[in-house]
Student: 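Structure in structure tokens, see below.
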Amino acid sequence: MLLLPLRVLRRRFQHVSCRVPCLQASQGAKANRAGWEEKSRSRVKWRQLEHKGPYFTPAYEPLPDGVRFFYDDGRREKIGNFKMEPPGLFCGRGDHPKMGKLKRRVMPEGVVINCSRDSKIPEPPAGHQWKEVRSDNTVTWLAAWTENVQNSFKYIILNPSSKLKGEMDWQKYEVARRLKGVVDKIRAQYQADWKSPERKKRQLAVALYFIDKLALRTGNEKEEGEAANTVGCCSLRVEHVRLHEKADGQEHVVELDFLGKDSIRYINRVSVEKLVFQNLQHFMEDKDPKDDLFDALTTASLNKHLQDLMEGLTAKVFRTYNASTTLQEQLRVLTRAEDSVTSKVLAYKRANRAVAVLCNHQRAIPKTFEKSMRTLQQKIETKKAQVAEAQVELEKVKADLRIRGESKSKSLLQKQRRLLRLEEQLVRLHTQATDKEENKQVALGTSKLNYLDPRISIAWCKRSGVPIEKIYSKTQRERFAWAFNQAGEDFEF
DNA sequence: CAGATAACTTAGCATAAGGAAA
DNA sequence: TTTCCTTATGCTAAGTTATCTG
């Protein structure tokens, strides 16, 4: 039993970047868990409610292996997070003011169950009651509770492989594809708006330019003292921007340096149009470093504006659109028909990486990176030696032939072939090393899962003869099941 | 009409699982 | 078989956005 004062715990975990293991501190913990297990053993069939809206109200079915399912219109689907979050110490990311606070055990009395009216309601653990049982088929969650540290909602939701999640994912990409049709017009408009006499309009135009060009997030206001101090586009402060008339041999360079989502640092230097530069100079005039760059702009007004430009358009659609477009374009540039499957997969990873860099998806450098890099360097050295050796042998054979006055021999061909093969292997090792180095701090998964229309990848696999298993793991294939029969080899985002 | 709330997507990290090497 | 390394998955925090509310 860990019984340190909370302030000691907080201090202890202040600089710990890893997640703090859950502390099973509550006396009633065992009994509670048993209670939850009991709940999980009740068999409930779920059916869709009578009226068919965009959503439905599902329910759970426990299975012996611990995987739980629910029924939607007779279809059995997986549930995503079927376990309750255990109590523990809250460990936010970055410099979080609530780091180390105790996250309490969730009791059935705090849980709302959402299930169809005509189904058998799941039993609460013995001696307990649900907070509420409701039948709301306009939402997608199965159960919900309030988390005490952040005072926010938590939900039991469906697995990404479910039809519901799949349909929503599909819709997301369809909105992004619609943006493709109007993006030229939108770009022309915000460029024109850089010259607007209205400060508000110019701020909106510059912010939208950043969101489009640099794939920045919208950047909502955050309550001070509630979360780490991070920003996005609309919440950028003067201190995050530096302007250089000339830098890196380019004109009108904007330097951005701020902490974004998850306190991941965004650093970029980019040359912008003169009008953008001048606008930024104006926005920064007579301000303190801590002042908002876009003082006349809110995320609400930005999204309101976007909604007027295209139905369903919001700021985050630009990230999806630019990510997917970049993948498609990069795949086109990097794929060569005559390449082996291995090289093609490498090309895919490169294209994926271009997107991850655009979206600033970073990861901690793997702990084993240095070591595995050394191993790879070792391999390269060995291969180099082999190449050198093969060259010497080849020369020897050539000299031999000259003495005998011959021009060809079986041995010569053999040696030539061997040298060629070794050289190819060396080149491959070099690319592997470069790739590893360039990828050490880039997280590919996030964009692959959330930003890249799977139909682009599926179509590319079909076109270039790459088995889909080389690109998507089992769960990823299940997640993107909706895309498989949609994407022929000629699919265009 | 701004701020709060609710419900959803997006995010990186730890670790489990899988596979290669010893 | 055991160990060592990479990849896949689970977890839950941290965003975005639409809607509600006073």
Side-chain angles (χ1 to χ4, degrees), chain A residues 16-22 54-55 66-67 80-86 88 90-94 96 98-99 103 112 114 136 138-142 144 146-147 149-161 164-165 168-169 171-172 175 211 216-223 226-235 259-264 298-304 306-307 312-320 323 356 359-369 371-373 375-376 436 441-451 472-479:
Chain A
V16 176
S17 61
C18 64
R19 189 162 297 157
V20 177
C22 142
Y55 307 122
V67 179
N81 53 338
F82 55 84
K83 287 181 190 163
M84 293 303 293
E85 291 177 17
F90 179 86
C91 189
R93 298 170 207 265
H96 198 114
K98 295 194 172 184
M99 164 117 39
K103 198 172 81 167
V112 180
N114 187 31
D136 184 354
T138 66
V139 294
T140 65
W141 50 268
L142 319 181
T146 308
E147 182 266 318
V149 177
Q150 309 249 62
N151 197 240
S152 64
F153 283 93
K154 296 272 185 158
Y155 304 92
I156 298 281
I157 53 165
L158 302 179
N159 190 285
S161 64
L164 173 75
K165 287 286 186 191
M168 294 173 91
D169 207 27
Q171 286 318 302
K172 177 182 78 185
V175 172
I211 285 170
L216 299 193
R217 294 187 188 81
T218 323
N220 286 296
E221 295 285 325
K222 292 171 82 180
E223 229 175 304
E226 292 293 310
N229 193 349
T230 62
V231 298
C233 185
C234 294
S235 48
L259 293 185
K261 182 177 180 178
D262 291 295
S263 296
I264 296 292
T298 66
T299 52
S301 65
L302 178 79
N303 277 332
K304 172 77 187 58
L306 293 175
Q307 190 61 237
L313 185 61
T314 63
K316 82 188 190 70
V317 178
F318 280 89
R319 262 167 91 84
T320 313
C359 294
N360 201 36
H361 291 144
Q362 294 188 237
R363 62 167 182 176
I365 298 168
K367 286 190 183 74
T368 53
F369 181 82
K371 204 179 165 194
S372 60
M373 201 60 178
T375 316
L376 192 57
K436 204 179 175 78
Q441 216 165 350
V442 182
L444 299 183
T446 307
S447 51
K448 199 176 180 184
L449 244 43
N450 300 303
Y451 288 104
Y472 288 139
S473 70
K474 183 168 162 285
T475 33
Q476 287 168 346
R477 292 198 297 278
E478 284 168 5
R479 181 194 187 102

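Heavy-atom basis, side chains included; hydrogens, waters and symmetry copies ignored. Quick note on labels: first sequence line is chain A, next is B, and so on, each numbered from 1.
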Student: Can a side chain N or O of Thr140(A) be found less than 4.0 Å away from OP1 or OP2 on dC8(B)?
Tutor: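 True: Thr140(A) side-chain N/O within range (under 4.0 Å) of dC8(B) OP1/OP2.
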Student: Using a heavy-atom cut-off of 4.0 Å across all strands, would you classify Ala364(A) as base, sugar-phosphate, or nothing?
Tutor: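 Sugar-phosphate only.
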Student: At 4.0 Å (heavy atoms only), tell me whether Lys103(A) reaches a base, stays on the sugar-phosphate, or touches nothing.
Tutor: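 Result for Lys103(A) = sugar-phosphate.
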Student: Can you check the His96(A) NE2 to dA14(C) C1' distance for me, whole Å?
Tutor: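 About 9 Å, once rounded to whole Å.
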Student: Send over the distance from Tyr472(A) OH to dT7(C) P, rounded to a whole Å.
Tutor: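 Between P of dT7(C) and OH of Tyr472(A): 18 Å.
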Student: Start with the C-alpha distance between Ile157(A) and Lys165(A), add both sets of side-chain angles, then the distance that settles side chain to side chain contact (heavy atoms under 4.5 Å, CB included), and finish with yes or no.
Tutor: CA-CA 9 Å; Ile157(A) 53 165; Lys165(A) 287 286 186 191; 4.2 Å; yes
Student: Does Lys103(A) have any salt bridge (charged side-chain N to carboxylate O under 4.0 Å, His left out) partners at least two apart in sequence or in another chain, and if so, which?
Tutor: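 Lys103(A) satisfies salt bridge (charged side-chain N to carboxylate O under 4.0 Å, His left out) with Glu85(A) once adjacent residues are dropped.
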Student: Could you tell me whether Gly80(A) contacts a base, only the sugar-phosphate backbone, or nothing, with contacts defined as non-hydrogen atoms closer than 4.0 Å?
Tutor: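 The answer is nothing, as Gly80(A) stays clear of every strand by at least 4.0 Å.
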Student: Whole Å only: how far is the CG atom of Asn360(A) from the C1' atom of dT10(B)?
Tutor: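 From Asn360(A) CG to dT10(B) C1': 14 Å.
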Student: May I ask you to say what Thr298(A) touches in the nucleic acid, namely base, sugar-phosphate or nothing, with a heavy-atom cut-off under 4.0 Å?
Tutor: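 No contact.
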Student: Is there, by distance only and without an angle test, a donor paired with an acceptor across the side chain of Lys261(A) and the base of dT10(B) below 3.5 Å?
Tutor: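 Side chain to base: pair present.
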Student: Are side-chain heavy atoms of Leu302(A) and Ile211(A) found at a separation under 4.5 Å?
Tutor: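 Leu302(A) reaches Ile211(A) side chain to side chain.
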Student: Given dT9(C), dA7(B), dA13(C), which nucleotide is nearest the side-chain atoms of Phe90(A)?
Tutor: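 Closest of the options to the side chain of Phe90(A): dA13(C).
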Student: At less than 4.0 Å, is any side-chain N or O atom of Asn220(A) found next to OP1 or OP2 of dT16(C)? Yes or no.
Tutor: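 Result: yes.
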Student: Base, sugar-phosphate, or nothing for Gln150(A), non-hydrogen atoms under 4.0 angstrom?
Tutor: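 Sugar-phosphate: the residue Gln150(A), judged by heavy atoms under 4.0 Å, touches backbone atoms but no base.
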Student: Looking across every strand, which nucleic acid part, if any, lies under 4.0 Å from Asn303(A) by heavy atom: base, sugar-phosphate, or nothing?
Tutor: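 If one applies the 4.0 Å heavy-atom cut-off, Asn303(A) turns out to touch the sugar-phosphate alone, with no base involved.
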Student: At 4.0 Å (heavy atoms only), tell me whether Gln362(A) reaches a base, stays on the sugar-phosphate, or touches nothing.
Tutor: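 Sugar-phosphate contact only.
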Student: Just checking Arg319(A): base, sugar-phosphate only, or nothing, at a heavy-atom cut-off of under 4.0 Å?
Tutor: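 Sugar-phosphate: the residue Arg319(A), judged by heavy atoms under 4.0 Å, touches backbone atoms but no base.
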Student: Does Thr230(A) place a side-chain N or O at less than 4.0 Å from the phosphate oxygens OP1/OP2 of dG15(C)?
Tutor: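 So the side-chain polar atoms of Thr230(A) do come within 4.0 Å of the phosphate oxygens OP1 or OP2 of dG15(C), strictly under.
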Student: Nearest whole Å is fine: how far is dT6(C) C1' from Leu376(A) CG?
Tutor: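 Result: 14 Å.
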Student: Give a yes/no answer on whether the side chain of Lys154(A) brings an N or O atom under 4.0 Å of OP1 or OP2 in dA13(C).
Tutor: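 True: Lys154(A) side-chain N/O within range (under 4.0 Å) of dA13(C) OP1/OP2.
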Student: Quick one: is dT10(B) close enough that its OP1 or OP2 comes under 4.0 Å of any side-chain N or O from Lys316(A)?
Tutor: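 Result: yes.
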Student: How would you label the contact of Lys436(A) with the nucleic acid (heavy atoms, under 4.0 Å): base, sugar-phosphate, or nothing?
Tutor: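 Sugar-phosphate: the residue Lys436(A), judged by heavy atoms under 4.0 Å, touches backbone atoms but no base.
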Student: Is the shortest side-chain N/O distance from Thr314(A) to OP1 or OP2 of dT17(C) below 4.0 Å?
Tutor: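 Checking Thr314(A) against dT17(C): at least one side-chain N or O falls below 4.0 Å of OP1 or OP2.
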Student: For the side chain of Lys316(A) and the backbone of Thr218(A), is there at least one donor-acceptor N/O pair under 3.5 Å apart?
Tutor: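 No: the side chain of Lys316(A) does not pair with the backbone of Thr218(A).
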Student: Hey, is the main chain of Glu226(A) close enough, under 3.5 Å, to the side chain of His96(A) for a donor-acceptor pair?
Tutor: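 Yes: the side chain of His96(A) pairs with the backbone of Glu226(A).
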Student: Answer yes or no: does atom CD of Gln171(A) have more than 12 heavy-atom neighbours from other residues, nucleotides or ligands under 6.0 Å?
Tutor: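 Result for CD/Gln171(A): enclosed.
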Student: For Val149(A), does its backbone N or O pair with a side-chain atom of Lys98(A) as donor and acceptor, under 3.5 Å?
Tutor: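 Pair found, side chain donor or acceptor close to backbone of Val149(A).
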Student: Toward the 5' end of DNA chain C, which comes first, Glu85(A) or Ser473(A), by nearest nucleotide?
Tutor: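 Looking at the nearest nucleotide for each, Ser473(A) comes out on the 5' side.
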Student: Whole angstrom is fine here: how far is it from CZ in Arg217(A) over to C1' in dG12(B)?
Tutor: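 The answer, rounded to whole Å, is 11 Å.
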Student: Which is more 5' along DNA chain C, the nucleotide nearest Lys222(A) or the one nearest Gly312(A)? Just name the residue.
Tutor: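 Nearest-nucleotide comparison on DNA chain C picks Lys222(A).
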Student: Please tell me if Tyr451(A) has a side-chain N or O lying less than 4.0 Å from either OP1 or OP2 of dA11(B).
Tutor: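 For Tyr451(A), the contact criterion (side-chain N or O under 4.0 Å from OP1 or OP2 of dA11(B)) is met.
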Student: Is a side-chain donor or acceptor of Gln362(A) paired with a backbone partner of Ala443(A) at a separation under 3.5 angstrom?
Tutor: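 Not at all, since once roles are kept as given, no pair shorter than 3.5 Å links the two residues.
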Student: Output the rounded distance in Å from CD1 (Ile264(A)) to P (dG12(B)).
Tutor: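 Ile264(A) atom CD1 is separated from dG12(B) atom P by 5 Å.
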Student: Between atom CZ in Phe82(A) and atom P in dT12(C), what is the gap in whole Å?
Tutor: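 Answer to the nearest Å: 12 Å.
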Student: Of Lys165(A) and Ala443(A), whose closest DNA chain B nucleotide lies nearer the 5' terminus?
Tutor: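 With Ala443(A) and Lys165(A) compared, the 5'-side residue is Lys165(A).
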Student: Under 4.0 Å, counting only non-hydrogen atoms across every strand here, what does Tyr155(A) touch: a base, just sugar-phosphate, or nothing?
Tutor: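 Base, at least one base atom sits under 4.0 Å.
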Student: Pick out the pairs of N or O atoms, protein on one side and nucleotides 3-5 of chain C on the other, that lie under 3.5 Å.
Tutor:
residue : atom : partner   : partner atom : Å
dC5(C)  : OP1  : Lys371(A) : NZ           : 2.7
dC5(C)  : OP2  : Lys371(A) : NZ           : 3.0

Student: Send over the distance from Asp262(A) CG to dA11(B) P, rounded to a whole Å.
Tutor: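 So the CG-P distance, Asp262(A) to dA11(B), works out to 8 Å.
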Student: Need one value for Ala227(A): base, sugar-phosphate or nothing, where a base atom within 4.0 Å counts as base even if backbone is also close, heavy atoms only.
Tutor: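 Counting heavy atoms under 4.0 Å across all strands, no contact is made by Ala227(A).
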Student: Check this one for me: any side-chain N or O of Thr218(A) less than 4.0 Å away from OP1 or OP2 of dT17(C)?
Tutor: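 Looking at the OP1 and OP2 atoms of dT17(C), one of them is under 4.0 Å from a side-chain N or O of Thr218(A).
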Student: For Tyr451(A), enumerate each residue passing the ring pair (Phe, Tyr, Trp, His ring centres under 6.0 Å) test, keeping only those at least two apart in sequence or located in another chain.
Tutor: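 So Tyr451(A) forms a ring pair (Phe, Tyr, Trp, His ring centres under 6.0 Å) with His361(A).
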Student: Going from CH2 on Trp141(A) to CG on Asn81(A), what distance comes out if it is rounded to the nearest 0.5 angstrom?
Tutor: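 Atom-to-atom, Trp141(A):CH2 and Asn81(A):CG are 13.0 Å apart.
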